[in-house]
Protein chains: 2
Amino acid sequence: MSGVADRVLARCDELAGLSSMADGICRVYLSEQHRVANELVAGWMRAAGLDVCFDAVGNVCGRLGNPALPTLIVGSHLDTIPDAGRYDGILGVLLGIELAERFRDEPLPFALEVIGFGEEEGVRFGTTLMTSRALAGTWDHQWFDLCDADGVSLHDAMERFGLNPAETASAARDTGGLLGFLEVHIEQGPVLEAEGLPLALVTSIAGARRFEARVQGMAGHAGTMPMAMRRDALAAASEIVLAIEAIAASSKDGLVATVGQIEALPGGVNVVPGAAVFSLDVRAGEDHVRDVAIDEIRARADAICERRNVLFDMQQTHIAGSAACDAGLLAHLAAGLEANGVVQHRMASGAGHDAMAMAELCPVAMLFVRCADGISHHPEESISPADVAVAFDVLCSSVRSCAESFKE
Amino acid sequence: MSGVADRVLARCDELAGLSSMADGICRVYLSEQHRVANELVAGWMRAAGLDVCFDAVGNVCGRLGNPALPTLIVGSHLDTIPDAGRYDGILGVLLGIELAERFRDEPLPFALEVIGFGEEEGVRFGTTLMTSRALAGTWDHQWFDLCDADGVSLHDAMERFGLNPAETASAARDTGGLLGFLEVHIEQGPVLEAEGLPLALVTSIAGARRFEARVQGMAGHAGTMPMAMRRDALAAASEIVLAIEAIAASSKDGLVATVGQIEALPGGVNVVPGAAVFSLDVRAGEDHVRDVAIDEIRARADAICERRNVLFDMQQTHIAGSAACDAGLLAHLAAGLEANGVVQHRMASGAGHDAMAMAELCPVAMLFVRCADGISHHPEESISPADVAVAFDVLCSSVRSCAESFKE
């Protein structure tokens, strides 16, 4: 069905034009571009035969089928980071619309709902997954006071968008009526390309823990402090960075650990560093794998610093639990892959997704689509029409598999 | 002679009061504090029986003995960094004055000149050792265009100080009439304290080479980039930092190598570093020792980066040759140590000193005085009266040893 893939890609291009940047894509939550994107997507939903509504937090929702039936939600997000690619999030919404249109005249034993979430990236107010959390009933009223770079609060931004902040609770869904949430998303990593596969089943969405680590040594003059008497904080930190890398690399469970920021203090070219601070981000599909690794990192860092006669401290700055995908939904996705002759590759998602928030509401599952060179969050983000086509076919087959299960 | 030590320390305290900072010591070249310090030191010189002059670059010079005789210069600098200690440089000037006073009525076969240099630290105009370079005849006329933080050029600052920039060449000395330059200075490091010794003979002043090193890897998403596929620039840089430390630590020649600055790029907590930049400062008493080490560092870094499939580049940003101290002058200092029962400890100076510039003019030698905890360039800089007293006695004995050599 290259017609479907072509239309999806053309719509991705059209949405890419709705940007606050002159030379790049940027579409943040509750912006004018968000409003126009919602209207555009709503039009495509209506054309696909969906009943459209806009919920209390700015999501666009299109429903196919009897509202009294249990509902399978399909979707992802419509917002972007600054200078974004054109497929991150959007692909999942547009494939959801195509899916619904495909089943427009093919009655299902459940309703289909397609959602374009308004806020996943956390760009404008610094908090991610806000609008999927609204559906999950985990919206935090303290968010209303969060301000964007221009000092506009979330509360005021909602009002300017035409939303009533007092009604956000109405966006929350009732667990009872939901079959689950399916999210198709580009992988945003290089694994599928390396494996030569178009798609992957996501078994879980990793929860990250982040830390700020600090090594306290003793500063000294680069010329007058003999090597043997140094308590060089950066040398100790360097040894810890390598220990972190080794611990993650030796894991068999898809663990990733990253030191993305580092600073030596006082930071003079001719001063032996008296302190070093660095960030640590650790993720795994299963929380206990991640937590065991963090304990090992801490123990190795303590040993390194004790040997070097410097002090080590590591403070947690962020924690999110991993979200396991539902075995039942995964089985339907697996059936969809099989029906289309696609090799089944299972992997954890290292990045966060709306499905992570939705997992607090209902069963979730995700399908990853291969992207070129693993590039995402960048204008060069790219996917192939063939991969979009097979993703669509697998999605259709998976929904049929789900429908079949109702007959049993 | 605790009287001499007490007076020297009291004068250090008095000079510490001449500061542009309210709560700390700061006295930069050609400042009002410099002028007042010069007058104060000139007064002490006159009281010690010296003929005083101010040279064309703002140094204060005091002479004892027949100007036709060969001259031994003793001295150091009077300027400070911001929030400085009170002994760095100053001690050597004040001990020179005491030395001259001691020989006021004890004729020597040579003249003694005490110099308080105006500029060693490089704080105001970013270039160090300017005023000793003026004596050595290596003043650079391009310096006139250097500006301080307020945009005042060196040229204008000299005029405001009452100096004529056109006359700087007159500060240069004639090599022929000089026996040498002796500089007493606090060690600014922890070696003498660790050795339990008050003094050291400085065999050479290390010349530093500095580099900016860059590792170019590939940025990636901290969650979606598997460990095995990463080209993490910071991990590579960390391995290089440890290689640098190991190469310097294994040197038997007093080599020191320091990475004082490091940055990971783009610098996101959730981004695998695509690049890492760091500084490198390498020093040794002998240039070939330093240069061999740098070649080894470069080779090790290249090997590390090749194995990790990242690129390495290292650009030199600074080079200074080491300055060897004169064997003849060192022999007189050694005789001075022996005459006072002080164990002879020889070491290279890792920090730069006026003697480094003066070495281009005449034989030089230095005597290091122990300082507490190796602390310097800090308000807590501290020396003991006993060490000052023994430094003075050794200086006197050394000058007598030098005088004896004239009789042979």
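What you see is a predicted model; the values in this text were computed from it and never measured. Every heavy atom of this structure was used, including side-chain atoms; hydrogens, water molecules and symmetry mates were not. Within every chain, numbering begins at 1; the chains are lettered A, B, ... in the order of the sequence lines, protein sequences first and strands thereafter.
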Quiz item: Can you tell me how far the CD1 atom of B/Ile205 sits from the CE atom of B/Met366, to the nearest 0.5 Å?
Solution: 5.5 Å

Exercise. Pick one of side chain, backbone, both or neither for A/Val271, based on which atoms fall under 4.5 Å of a heavy atom in chain B.
Key: backbone

Quiz item: In terms of heavy-atom proximity below 4.5 Å to chain A, should B/Leu255 be classed as side chain, backbone, both, or neither?
Solution: backbone

Quiz prompt | Largest heavy-atom contact set with chain B, pairs under 4.5 Å, which of A/Ala257, A/Ala348, A/Pro266 | solution = A/Ala257

Quiz item: Got a donor-acceptor contact below 3.5 angstrom from the A/Arg209 side chain to the A/Asp291 backbone?
Solution: no

Quiz item: Hey, does the side chain of A/His185 reach the backbone of A/Phe368 with a donor-acceptor pair shorter than 3.5 angstrom?
Solution: no

Quiz item: Of all of A/Thr317, A/Val259, A/Asp232, which one pairs up most often with chain B through heavy atoms under 4.5 Å apart?
Solution: A/Val259

Quiz item: Which answer fits B/Ala351, side chain, backbone, both or neither, if we ask what part of it has an atom under 4.5 Å from a heavy atom of chain A?
Solution: both

Quiz item: What's the verdict on side chain to side chain contact (heavy atoms under 4.5 Å, CB included) for B/Arg214 and B/Glu263, showing C-alpha distance, side-chain angles and the deciding distance?
Solution: CA-CA 10 Å; B/Arg214 183 181 180 92; B/Glu263 186 178 9; over 6 Å; no

Exercise. To the nearest 0.5 angstrom, please state how far the CD atom of B/Glu193 sits from the CD atom of B/Glu195.
Key: 11.5 Å

Self-check item: Criterion side chain to side chain contact (heavy atoms under 4.5 Å, CB included) on A/Leu201 and A/Leu367, from CA distance to verdict
Solution: CA-CA 5 Å; A/Leu201 297 187; A/Leu367 192 65; 3.9 Å; yes

Self-check item: Contacts of residues 245-252 of chain B with chain A (heavy atom under 4.5 Å)
Solution: B/Glu245, B/Ala248, B/Ala249

Quiz item: Counting a contact as any heavy-atom pair under 4.5 Å apart, which residues of residues 216-230 of chain B contact chain A?
Solution: B/His221, B/Ala222, B/Gly223, B/Thr224, B/Met225, B/Pro226, B/Met227, B/Met229, B/Arg230

Quiz item: Would the number of heavy atoms belonging to other residues, nucleotides or ligands and lying under 6.0 Å from CD of B/Glu212 be above 12?
Solution: no

Practice problem: Can you measure from OG (A/Ser132) to NE2 (A/His77) and round to the nearest 0.5 angstrom? | Solution: 9.0 Å

Quiz item: Which is it for B/Asp354 and B/Leu129 under the side chain to side chain contact (heavy atoms under 4.5 Å, CB included) test, yes or no, and what are the steps along the way?
Solution: CA-CA 6 Å; B/Asp354 287 304; B/Leu129 303 170; 3.9 Å; yes

Quiz item: For the candidates A/Ala237, A/Ser279, A/Gly268, A/Ala264, which exhibits the highest count of non-hydrogen atom pairs separated by less than 4.5 Å from chain B?
Solution: A/Gly268

Quiz item: Measuring heavy-atom distances to chain B, does A/Ile240 have an atom under 4.5 Å in its side chain, in its backbone, in both, or in neither?
Solution: neither

Practice problem: Identify which of A/Ser238, A/Ala233, A/Ala235, A/Ala194 forms the greatest number of heavy-atom pairs closer than 4.5 Å to chain B. | Solution: A/Ser238

Quiz item: In chain order, what residues pass the side chain to side chain contact (heavy atoms under 4.5 Å, CB included) check against A/Ile81, with sequence neighbours excluded?
Solution: A/Ala84, A/Glu121, A/Val123, A/His377

Practice problem: First locate atom CD1 of B/Ile186, then atom OH of B/Tyr87, and finally report the distance between them rounded to the nearest 0.5 Å. | Solution: 9.0 Å

Exercise. Can you tell which part of A/Ala206 gets under 4.5 Å to a heavy atom of chain B, answering side chain, backbone, both or neither?
Key: neither

Quiz item: Can you name the residues that form a side chain to side chain contact (heavy atoms under 4.5 Å, CB included) with B/Glu306, not counting sequence neighbours?
Solution: none

Quiz prompt | Side-chain H-bond candidate by donor/acceptor type, B/Thr258 with B/Asp281, under 3.5 Å | solution = no

Quiz prompt | Among A/Asn270, A/Leu242, A/Leu234, A/Val241, residue most engaged with chain B (heavy-atom pairs, under 4.5 Å) | solution = A/Leu242

Quiz item: With only heavy atoms counted, which part of A/Glu239 is less than 4.5 Å from chain B, the side chain, the backbone, both or neither?
Solution: both

Quiz item: Under the 3.5 angstrom rule, does the side chain of B/Gln261 hit a backbone N or O of A/Gly267 as a donor-acceptor pair?
Solution: yes

Exercise. Measure the CD-CG distance between A/Gln188 and A/Asp88 for me, rounded to the nearest 0.5 Å.
Key: 4.5 Å

